[in-house]
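We count ligands from 1, going down the list as the structure has it; atoms in each ligand are counted the same way.
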Amino acid sequence: MNQTKYIFVTGGVTSSLGKGIIAASLAKLLQARGYRTTIQKFDPYINVDPGTLNPYEHGECYVTDDGAETDLDLGHYERFLNVPTSQANNVTTGRVYLSVIEKERRGEFLGKTVQVVPHITNEIKDRMQLLGNSGDFDIVITEIGGTVGDIESLPYIESVRQLVWELGENNGIVIHLTLVPYLAAAGELKTKPTQHSVKTLMESGIKADILVCRTEHEISDELRHKLALFCNVKREAVIQSIDASTIYEVPNLMLEEGLDIVALKKLNLPKKAAPDLKNWNTFLHRLKNPKHTINIGLIGKYVELQDSYKSILEAFIHAGATNETKVNVVSVHSEYLDAKNISEKLQGLDGILVAPGFGERGIEGKIEAVRFARENNLPFFGICLGMQMAVIEYARNVLGLKDANSTEMNQGTAHPVIDLMEEQKDITDKGGTMRLGAWKCDILPNTLAHKIYEKTTILERHRHRYEFNGNYLAQLENAGLKASGVNPDTGLVEIIELENHPFFIGVQYHPEYKSTVANPHPLFVNFVAAMVKNKKSGAK
Ligand code: GLN
């Protein structure tokens with residue numbers, strides 16, 4: 001095939017309708033039919049990337065192999081498609097403007113007045129076609145963040161309009177995702193918000209080709225006909241997206257509704273084979289028929305917002321299915337944990353995960369939680385800041401270095417067991433300057449890490465400025481805390497673990513970013529297995 005085809009996904013009526021899941025589900029179906037498919041997300045905010053955002057704003061910041069800090073929807077794309085994404089898969093208004101302004105400073109616009117149309121829209125269109133032009137994909141799905149009608153979405157909507165026109169008939173189509181609300185008092189589903197949202201899209205010159213309607217109740221034939229008539233789409237192009245018990249059900253629901261077929265028809269592409277979802281459905285079956293149940297405590301400080309730890313929660317879903325285990329993740333706010341209430345707050349948990357994070361708030365509670373897990377043989381898994389807390393806890397309570405801390409929290413500590421990385425010391429800018437993306441780690445033989453990975457070299461994704469201070473390595477190892485994974489080039493400690501404990505491991509990197517339905521992450525899989533085993537043995 002020579003022409004890359006483009007599908008644009010816009011959203012109407014409200015935000016949070018799950019455009020990312022619809023885009024990922026459609027991509028999954030097209031991929032399962034044999035099309036090389038990728039997804040990209042364009043976000044209308046002015047931050048150059050979400051790396052500087054507090055998780056309360058848009059949830060977790062997802063990190064790619066090439067070190068891009070991106071929107072969490074890229075995590076869904078990877079989890080569904082099992083294909084890595086990159087910097088090119090996420091573009092923000094800030095990034096677009098930054099590159100246009102840099103071009104202007106270099107004099108590339110040859111004295112012209114630089115304007116939203118055509119300069120910003122051209123930049124957006126170029127970026128929309130970047131992955132398509134690589135020749136690696138047959139179909140590129142582009143999700144436009146925000147809601148149609150927002151002031152900040154306008155340049156994107158205009159770019160989609162131009163691009164669909166430029167690409168020509170059957171080469172670019174628009175899917176509009178809307179809400180069909182149910183009015184309980186009237187006992188009715190309402191189509192008016194959808195009609196208005198389609199009208200808003202039309203005012204920008206875009207005619208939706210397919211409508212995906214989010215709903216809590218079945219949309220009747222009559223209503224589907226009404227939506228088709230008033231929104232100017234074919235009857236078969238009105239797709240119902242009813243609430244599902246898990247996001248992993250959505251590809252099957254979209255298959256039943258024929259979303260992939262309608263899209264292929266509009267793009268003038270053959271259906272090819274029926275989608276091969278065998279492995280996907282095996283996963284779903286295991287997910288829905290668990291044989292065991294465990295409760296895991298997620299110790300963090302952004303627990304009020306589920307999206308803050310999105311990839312961790314999804315990794316537990318994958319690992320749970322692998323172990324035929326229902327994993328209940330119980331959020332535990334680290335700010336409210338202390339030595340006095342810890343056993344009560346962690347009661348009934350089969351293991352704890354101490355979450356990544358930044359800054360001082362809630363860290364003493366995290367350290368208490370590590371101590372409790374270590375002393376009570378409770379399976380423990382620490383990620384990034386969670387691993388750093390485990391090092392501090394061991395230094396304080398086993399080595400007796402009472403003041404041990406990270407210089408992130410206390411610059412004047414007498415025992416900086418976690419310290420700023422050397423290469424970070426001259427960095428002042430906050431955006432995009434952490435140690436990011438995939439770095440190598442060598443795993444020592446005869447360790448828990450080696451048993452888990454069954455490999456001696458791994459590549460995992462990072463996002464941090466602080467590290468295990470090598471000056472304390474010998475002392476901590478002599479006391480029993482082993483460094484079982486190390487970066488081969490810098491010696492940076494990547495994994496720590498304890499012997500004589502059912503499961504105690506901390507990693508400086510973020511394994512959660514690499515867990516997918518097709519490849520559940522071995523650390524999560526083994527952690528869940530350890531909790532099941534520990535629970536069964538009655539050790540806990
Ligand atoms: N704040 C810590 C650091 O920068 C940990 C970061 C994280 O958990 N992602 O090293």
Side-chain angles (χ1 to χ4, degrees), residues 49-65 67-70 72 75 298-303 305 307-313 315 334-335 352-367 369-370 380-393 395 404-411 413 416-439 441 460-470 472 483 485 487 490 492-496 505-515 523:
D49 59 45
T52 52
L53 289 170
N54 186 310
Y56 290 127
E57 296 287 309
H58 298 277
E60 152 192 292
C61 172
Y62 186 76
V63 178
T64 59
D65 276 336
E69 295 177 284
T70 74
L72 59 76
L298 173 63
I299 321 284
K301 67 171 173 181
Y302 310 114
V303 291
L305 184 71
D307 275 0
S308 307
Y309 300 113
K310 195 74 196 166
S311 293
I312 291 176
L313 299 180
S334 59
E335 244 187 311
I352 59 163
L353 183 145
V354 178
F358 294 85
E360 211 189 339
R361 186 166 70 94
I363 70 140
E364 292 302 327
K366 286 185 172 174
I367 294 171
V370 180
F380 163 81
F381 185 14
I383 297 183
C384 207
L385 185 70
M387 172 264 199
Q388 298 176 354
M389 293 303 109
V391 175
I392 295 171
E393 190 279 320
N405 213 331
S406 163
T407 49
E408 180 181 2
M409 321 305 167
N410 177 3
Q411 291 209 349
T413 172
V417 291
I418 303 293
D419 200 7
L420 193 61
M421 280 180 282
E422 204 46 49
E423 68 263 30
Q424 288 283 329
K425 292 194 171 150
D426 296 325
I427 292 176
T428 48
D429 278 6
K430 289 276 180 270
T433 56
M434 281 189 249
R435 180 172 181 252
L436 290 165
W439 293 86
C441 165
E460 292 279 8
R461 299 182 193 171
H462 295 71
R463 183 168 186 254
H464 64 123
R465 295 186 202 280
Y466 294 81
E467 64 172 332
F468 187 119
N469 183 346
Y472 288 88
N487 178 289
T490 61
L492 187 145
V493 174
E494 294 275 12
I495 313 176
I496 53 125
I505 198 160
V507 296
Q508 183 56 75
Y509 49 84
H510 293 265
E512 70 274 23
Y513 295 143
K514 281 180 76 165
S515 188
L523 272 167

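- Surrounding CD of E360 are at most 12 heavy atoms belonging to other residues, nucleotides or ligands under 6.0 Å away.
- A donor-acceptor distance shorter than 3.5 angstrom exists from the side chain of Q388 to the backbone of Y466, with no hydrogens or angles considered.
- What sits closest to atom 10 (O) of ligand 1 on the protein, heavy atoms only, is Y466 N, 2.9 Å.
- Taking a 6.0 Å sphere around CD of Q411, one finds it holds 12 or fewer heavy atoms contributed by other residues, nucleotides or ligands.
- Which parts of ligand 1 touch G357 is read off a 4.0 Å heavy-atom cut-off, strictly below it: atoms 1 (N), 2 (C), 5 (C), 6 (C), 7 (C), 8 (O).
- In H464, the parts holding a heavy atom less than 4.0 Å from any atom of ligand 1 are both the side chain and the backbone.
- A donor-acceptor contact shorter than 3.5 Å is absent between the side chain of S311 and the backbone of Y513.
- Close approach of ligand 1 to R463 (heavy-atom distance below 4.0 Å) involves ligand atoms 6 (C), 7 (C), 9 (N).
- If you number the atoms of ligand 1 from 1 as listed, the ones under 4.0 Å from a heavy atom of H510 come out as 9 (N).
- If you look at Q388 next to ligand 1, the close heavy atoms, those under 4.0 Å, all belong to the side chain.
- A donor-acceptor contact shorter than 3.5 Å is absent between the side chain of E494 and the backbone of Q508.
- Scanning all protein heavy atoms for the shortest distance to atom 7 (C) of ligand 1 gives C384 SG, 2.9 Å.
- Ring pair Y302/Y56 is perpendicular by interplanar angle, where above 60° counts as perpendicular and below 30° as parallel.
- Judged purely by atom type and a 3.5 angstrom limit, K366 uses its side chain to pair as donor or acceptor with the backbone of A355.
- Between L385 and ligand 1, at least one N/O pair is under 3.5 Å apart.
- What sits closest to atom 4 (O) of ligand 1 on the protein, heavy atoms only, is R465 N, 3.0 Å.
- With a heavy-atom cut-off of 4.0 Å, E408 touches ligand 1 through its side chain alone.
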